[in-house]
> 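Sharing a structure, written as structure tokens. Questions coming.
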Number of protein chains: 2
Amino acid sequence: MNSREELDDFVKNGHQQYLPHLSIDPVIFGYHDQQLKILLLEWIGHNGWGLPGGFIQRREPLSQAANRILKERTGLDDVFLQQFHTFGDSPYRLEDQSARELSEKLGHQIQDSWLFERTLSISYVALVDYSKVIVTTDFFTEGYQWCDIREIPPLLFDQNEVVEKALATLRRQLFHEPIGYNLLAEKFTLPEIHALYETILGKKLDQWNFAKKLVNLGIIKRLAEKRSIGAHRSPFLYQFEKETYEAALEQGIVQTY
Amino acid sequence: MNSREELDDFVKNGHQQYLPHLSIDPVIFGYHDQQLKILLLEWIGHNGWGLPGGFIQRREPLSQAANRILKERTGLDDVFLQQFHTFGDSPYRLEDQSARELSEKLGHQIQDSWLFERTLSISYVALVDYSKVIVTTDFFTEGYQWCDIREIPPLLFDQNEVVEKALATLRRQLFHEPIGYNLLAEKFTLPEIHALYETILGKKLDQWNFAKKLVNLGIIKRLAEKRSIGAHRSPFLYQFEKETYEAALEQGIVQTY
DNA sequence: CCAAAAGTGTTATTGCTACACCCATGA
DNA sequence: TCATGGGTGTAGCAATAACACTTTTGG
């Protein structure tokens, strides 16, 4: 996967397998232990951090490509993954400079490559448990970090803007879908989901009101069981209400006048 | 613009000017006189209706391309236009069949064209006053209709799904932005904007509650003036609050827990 | 003065916020 | 029995929905 020959071939002939001018760039949020981070990859040459990305195979459905790319980088399947915007305005994306720089870093002297052409970025948000992720870097990257969302460094191209919009999307979705699906165990306690929401939203939420709202909206329901957590009162267990949520997905939010 | 030579050239060499594999397909909603319609174009050969569309010039920013395409078809500038999804999953979009059919209809025998390749569709919603529109068809279309949204016929490719999602987007936006901006005069009456909202949402709204909410949200404000409308009480005039709305645009909807 | 259109008021209900308070548990 | 974390109640306020009511206007 990483030999120089394969890389050369990818740079020169990748467009036979992949659609040119398009990339999929997922912003992968990782939650664990009340911390929210995003996955950044280090470009070869140590000159900058950027989002993971990938290309769409010529006959591969778009959403399948997004899932494949997520799996290639994280090893994970079946997580929250949602398209949120296609970026094609930034001046950075209009210049071939970016890919040319990359070429220099690689030590290649390639003048023509599909990678040097203008590329629009179809962006997705993903949300995973980063303690379960095994990161695999790609051709152009050789290191990674899970970076706290409050400490994001300047990224390549226009990706800081992409990350911002991704976070806004994630926060909005929180109110309309059971996003914690793959972050919490099948049965979870109120304090657990409460911490998750607080961390993603970046603010304190009243426990009681929070619980009442989630239950009222029909997103979660309380079970009869409790969990023993040692030296304290045993919390009830909850589950996501999958039917309610899927119905809500159909309709979207129905605000009324 | 419509000669056979030009068309031939476009089919054969258009990819030198435009990005292949990508199209912009705006769903153009037209409102007038309490009717909501969408613009459909008739494919050459009278075999089906579809959405207007266009391609992105190689060095043209995406949003500029969307605006250009809207202007080319409708003659209008500066209207509500918003990207909502990039479609790349439908089986129709994966087959080259679609463009090949088109070629047959054109009477051409072209075997290879960038137009025959897989194309992802970056879709936009637009909202215009259809009484102000002068429709111009493109290379591949030769007729048009403003079709009531309740009577949409089967469309080409996966475009029925696109239209549905567009309408959902439009209805959602209604609560977050002063969408009527280009549909109503600068100063308008409550009954006018009320009718607009009812028509777009497809349901009755209580006048009084509606007005109170819009004013509370700070989207519109009442002026001191009234308009004389003949044999009835003179309604007050209102204006959009542009500052409030642009601030709201930045933040998105801030739901709280 | 009447019909139609526009605008106003009022109430019941719901939901949200912000607290204060009580319970369970093992050290 | 105490510290800690978990769960409950409620009062006050704001938003909402439904509906009845009043005002304006030209004919």
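Order of the sequence lines sets the chain letters (A, B, ...), proteins ahead of strands, with each chain counted from 1.
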> For DNA chain D, what residues of residues 183-190 of chain A have any heavy atom nearer than 4.0 Å?
A/L190
> Do A/F84 and A/Y124 make the cut of ring centroids closer than 6.0 angstrom?
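Between A/F84 and A/Y124, the centre distance exceeds or equals 6.0 Å.
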> How are the rings of B/Y238 and B/F188 set to each other: parallel, tilted or perpendicular (split at 30° and 60°)?
parallel
> Pairing donors with acceptors under 3.5 angstrom, does anything connect the side chains of A/H32 and A/S131?
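Short answer, yes.
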> Between B/K203 and B/E198 (salt bridge meaning N to carboxylate O under 4.0 Å), is one present in this structure?
no
> Calculate the interatomic distance between A/L237 atom CG and D/dG6 atom P; express it in whole Å.
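Nearest whole value for this atom pair: 13 Å.
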> Using a cut-off of 4.0 Å on non-hydrogen atoms, how would the nucleic acid contact of B/R227 be classed: base, sugar-phosphate, or nothing?
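Here B/R227 touches no strand at all.
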> Between the side chains of A/Q239 and A/E186, is a donor N or O closer than 3.5 angstrom to an acceptor N or O?
yes
> More 5' along DNA chain C: B/K212 or A/W208, using each one's nearest nucleotide?
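By nearest-heavy-atom nucleotide position, the 5'-most residue is B/K212.
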> Tabulated below should be each protein N or O lying under 3.5 Å from an N or O of nucleotides 24-27 of chain C; please produce it.
{"residue": "C/dT25", "atom": "OP1", "partner": "A/S234", "partner atom": "OG", "Å": "3.4"}
{"residue": "C/dT25", "atom": "O4'", "partner": "A/H232", "partner atom": "O", "Å": "3.3"}
{"residue": "C/dT25", "atom": "O3'", "partner": "A/G230", "partner atom": "O", "Å": "3.1"}
{"residue": "C/dT25", "atom": "O2", "partner": "A/A231", "partner atom": "O", "Å": "2.7"}

> Roughly, in whole Å, what's the span from OH in A/Y238 to C1' in D/dG6?
10 Å
> Is the closest side-chain heavy-atom distance between B/L76 and B/N182 below 4.5 Å?
no
> State plainly whether the residues A/R227 and A/E192 are in salt-bridge range, i.e. N to O under 4.0 Å.
yes
> Would you kindly give the CG-to-P distance between B/D206 and D/dC19, to the nearest whole Å?
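After rounding, the reported distance stands at 9 Å.
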> Report yes or no: do A/D25 and A/S121 form a side-chain donor-acceptor pair below 3.5 Å?
yes
> Under 4.0 Å between a side-chain N/O of B/K213 and OP1 or OP2 of D/dT16, yes or no?
yes
